[in-house]
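For this chain, numbers begin at 1 and follow the sequence in order. Each ligand, and each atom within it, is numbered from 1 in the order the structure gives. Here the structure is a predicted model, which means the values were calculated and not measured.
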Amino acid sequence: MSDTAPTAGLDRSASSRASSVARWVTAVLGLGVILLVLRGSPLPAPVPASAPGERFSAERAREHLRFIGAEPHALGTPRHAEVRDYLQARLRDVGAEVQIQREPVFAPAQGIPRPAANVENVVGRLRAKDGAKGTAVMLVAHYDSVPTGPGASDNGAAVASILEVARALQQGPALAGDVLFLFTDAEEQHLLGSTAFAASHPWARESGVVLNVDARGNAGPLLMFEVSPGGGWLVRRLGEEAPDVGAGSLFAAVYQRMKNATDFTALRQGGWQGLNFANVEGTQAYHSRKETVDAVSNGLLQQQGDTLLALTRRISREASVPEGEELIFFNAGPLRIHYPRSWAVPLAVVWGGLFVFAIFRARQRKQLRLWAMLRESLVLLLVGFLASSLARLAWPLLRALQPGFRALSRSETQDNSRFILAVVLWVMAAMGVGLYLRRRAPVMELAAGGCVPWAVICIAVSIVLPGASALFLWPLAGMVLLLLWLGSRGMEPLPQWHVPLWGLAALPLLLLLPNVLATFYTVLPLERAAVPSDLLMLGICLLAPGWLWLAGRGLPWASGGAALLGLGLLVSLAVGQRFDARTPRPTGLLYLVDADARTARWVSSDPVLNDWTRAYLGGDPKREAMDALPEVKGPFWNAPAPTPGEDVRGPAVESRLEAGEGGRRKVSLHITPSRPDAAFVDVQVLPGDAVLSARLAGQQAPGDTLRTRNAAQGVLFRYWVPSTGGFDLELELTASGSPTVRVGEHTYAVPASVTQGLPARPEDSMPVPFGEGLDEGTRVTRTLRLDGSAAEAPPGPTP
Ligand SMILES: [Zn+2]
């Protein structure tokens with residue numbers, strides 16, 4: 001191994017002699033490519049209501065949306081029943097067969113507390129013309145909303161679009177295959193509606209293609225982010241029929257590794273193939289009061305409708321479902337690219353092999369020393385991790401600058417794009433300084449060193465997560481070609497026009513990475529901006545010498561400017577932060593009643609109290625964990641509240657204890673809510689390991705599937721909107737011990753008798769988005785002990 005440094009560093013050999021015209025042209029073109037990629041395809045122009053009947057019109061869909069998204073329509077509310085009836089009537093209008101599937105369902109594996117409910121799915125069917133033998137298509141969207149917002153975007157928009165698609169299908173050419181419509185219930189309660197459909201509706205056992213649409217925010221274009229196994233042909237149809245819809249096997253691969261789920265998860269477990277769509281921008285509104293009808297754009301409705309209508313017509317003409325095929329697919333700027341997933345590893349071997357060849361040829365020609373190349377890798381990675389640490393610091397810094405951010409249950413600002421841009425600028429600035437410090441490193445050592453981490457990840461991802469491999473493969477290929485060209489020149493100095501060549505080699509990265517980064521920065525909470533930032537810094541490592549060539553001696557200035565600009569953006573966010581009617585602060589308050597002791601407390605899961613919550617909690621609230629609220633991680637602010645009136649009763653609990661086999665005990669509980677508008681009834685059994693099995697809503701579940709990792713939670717059930725007659729829960733218990741059962745009934749309202757004289761919710765505050773803190777309203781709990789080794793009947797009905 002040669003120990004003499006091969007060639008002079010970048011500052012002396014190349015960058016000083018690179019033509020400044022070439023540098024500027026490359027910089028401008030590169031930036032142009034990034035901006036074009038980020039801009040994406042514009043949403044389609046909305047089609048007016050006067051358009052011919054076989055077309056999808058966003059204006060017509062909006063009429064449905066005005067009804068569906070006008071106010072919250074969570075499971076069990078009167079408005080929910082109105083929306084259900086509306087859907088049924090509109091499906092009848094277009095001549096569909098319509099059914100309401102009513103089922104009790106218990107799906108312990110799907111969430112904590114272990115959820116159960118009586119669901120009502122709206123199911124419709126348009127029959128194909130006589131004798132047609134096409135493929136059945138099922139269009140799916142959940143029609144329930146969260147209790148904390150009108151749900152116009154999640155998921156009113158998709159429901160409204162599907163109704164308009166149904167009308168367009170009926171008025172268009174005769175159908176070649178049946179089209180089914182499934183408006184699922186209780187999606188927000190851990191997918192209980194789709195679970196019930198998949199488990200027991202006869203149509204679930206047919207086969208065909210499911211197209212599911214949901215939302216994770218109230219803006220943005222549609223993204224196709226999940227494909228059923230073997231659904232490669234559906235990806236091809238999507239590319240042909242709706243080429244503007246963003247899609248990526250990377251999102252599909254990452255999504256499948258996350259715990260998130262939509263109705264599609266339950267449905268594709270049957271015989272159905274399918275595609276899953278969602279819009280993911282505007283996450284600030286998610287599950288909140290801000291999910292209004294006006295906030296949903298006609299462009300999004302038009303894109304949902306055009307996509308579903310075109311795909312339905314096309315797929316229903318297929319005589320049979322094609323052979324299973326797995327594809328890698330992605331958008332590269334305007335291009336839609338796909339190829340078989342089985343190519344991932346061979347492609348990685350080919351390009352990885354060429355990379356190794358380029359390194360060893362350069363070593364032979366004394367352009368590079370191996371240890372020095374690895375040193376450059378390590379130095380770049382070290383700088384890179386420092387750079388992405390800045391992304392980790394940004395959110396705590398913002399909270400320190402502006403205490404108002406501490407009051408939020410999730411990391412959001414009034415303008416997340418400013419925050420994201422600040423983080424990106426900081427990462428680029430830190431990488432710029434790091435690269436400038438390595439400017440004397442020999443060109444080949446720095447270039448190859450920067451590629452090493454990316455190449456290692458490329459090989460690993462191609463094996464472990466092949467759907468995501470394209471993001472790493474093609475940018476590596478570009479840089480390998482550059483290395484081969486650099487290597488072929490031996491010790492010759494680089495020509496003045498070499499910078500555009502580097503720009504060309506960087507093109508795959510510029511086409512692929514910005515899109516992926518934009519999606520991850522948008523979807524992840526701001527406090528996790530370090531995740532995409534790690535990817536960004538690896539991308540900058542990959543382009544290492546290019547930055548030096550591009551910026552030359554201006555790099556420190558550019559980096560300093562970027563860092564200051566980033567700081568300025570964060571400061572402007574901090575200064576501009578305020579809570580008002582347009583950007584309300586999420587605030588929650590719960591009236592928690594202990595029905596046995598006849599005492600009550602005000603409780604808030606907010607991190608910081610405000611004037612409104614202080615008016616309830618008084619001057620000296622405590623902040624502590626609370627046993628009566630095991631479903632949300634505390635601590636909670638709490639203080640004594642007015643004693644409940646006679647009208648505040650808990651659920652009635654009847655229990656019967658019997659001796660079972662082998663000394664085990666069987667407890668039958670019948671729990672009846674005290675109010676018809678109860679949102680849910682929780683049942684907690686402690687200690688959890690006393691439960692050997694449980695039966696709820698007709699389903700038996702073994703105890704080990706019911707316990708949680710947090711032993712203090714015990715076994716926790718939640719029956720959403722139980723009927724007024726109540727529900728049965730059967731527990732099989734171990735032979736010894738006397739477990740405790742705590743039952744809690746929740747309503748979304750607080751009795752007027754206890755809020756007298758206290759201020760109503762102010763304009764600048766809104767309920768905490770569903771799932772991000774304690775549910776608001778009243779919770780009445782009571783506790784009973786399943787006592788005694790004897791198999792006797794007490795404790796009997798509790799008053
Ligand atoms: Zn949803």
Side-chain angles (χ1 to χ4, degrees), residues 61 64-65 68-77 79-80 83-84 87 107 110-111 115 117 119-122 138-163 181-198 210-226 251 255 258-268 274-293 295-297 300-301 303-304 307-308 410 522-523 720 767 769-772 775:
H64 299 307
L65 182 59
I68 298 164
E71 51 186 280
H73 43 286
L75 179 72
T77 59
R79 186 65 189 173
H80 174 274
V83 171
R84 175 202 64 209
L87 301 178
Q110 277 161 217
V119 301
E120 299 178 307
N121 294 320
V122 181
M138 180 157 64
L139 304 180
V140 184
H142 70 87
Y143 76 93
D144 62 314
S145 79
V146 291
T148 50
S153 40
D154 177 16
N155 198 21
V159 173
S161 291
I162 290 177
L163 286 179
F181 306 92
L182 171 59
F183 296 117
T184 59
D185 195 3
E187 189 270 353
E188 302 292 359
Q189 282 76 26
H190 298 290
L191 322 175
L192 291 178
S194 52
T195 305
F197 181 84
V210 169
L211 304 174
N212 182 58
V213 188
D214 208 328
R216 175 104 183 63
N218 68 350
L222 219 49
L223 175 71
M224 197 282 282
F225 65 97
E226 193 178 7
F251 302 117
Y255 179 80
M258 301 194 318
K259 285 277 170 215
N260 293 10
T262 66
D263 283 337
F264 189 71
T265 318
L267 296 173
R268 71 179 164 76
L275 301 176
N276 201 359
F277 300 86
N279 56 296
V280 298
E281 288 174 25
T283 53
Q284 283 122 316
Y286 187 56
H287 282 183
S288 83
R289 201 175 77 184
K290 292 185 271 184
E291 278 197 23
T292 59
V293 173
V296 176
S297 76
L300 174 60
L301 291 173
Q303 191 178 40
Q304 286 177 335
T307 306
L308 293 179
R410 65 178 173 206
T522 313
V523 172
W720 291 89
F770 184 69
E772 286 177 21
D775 293 276

Q: By ring pair (Phe, Tyr, Trp, His ring centres under 6.0 Å), which residues pair with F181, not counting sequence neighbours?
A: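 Partners of F181 under the ring pair (Phe, Tyr, Trp, His ring centres under 6.0 Å) test: none.
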
Q: Between atom CD1 of I68 and atom CZ of R79, what is the distance when rounded to the nearest 0.5 Å?
A: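 Reported value, rounded in 0.5 Å steps: 9.0 Å.
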
Q: Using a distance threshold of 2.8 Å, what protein N/O/S atoms lie below it relative to the Zn ion (ligand 1)?
A: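 Sorted hits: H142 NE2, D154 OD1, D214 OD1.
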
Q: Between P769 and Y286, is any pair of side-chain heavy atoms under 4.5 Å apart?
A: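 Of all side-chain heavy-atom pairs linking Y286 with P769, none is under 4.5 Å.
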
Q: Do you know which two heavy atoms are closest between N121 and T184, and how far apart they sit?
A: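 Answer, listing the atom of N121 first, then T184: OD1-CA, 3.4 Å.
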
Q: Between side-chain atoms of residues 210-223 and protein atoms elsewhere (two or more places apart, or another chain), which donor-acceptor pairs fall under 3.5 Å?
A:
{"unit_1": "N212", "atom_1": "ND2", "unit_2": "N276", "atom_2": "OD1", "d": "2.9"}
{"unit_1": "D214", "atom_1": "OD1", "unit_2": "H142", "atom_2": "NE2", "d": "3.3"}

Q: Kindly write out the residues that satisfy ring pair (Phe, Tyr, Trp, His ring centres under 6.0 Å) with Y143, not counting sequence neighbours, or none if the list is empty.
A: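 Result, ring pair (Phe, Tyr, Trp, His ring centres under 6.0 Å) vs Y143: H80.
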
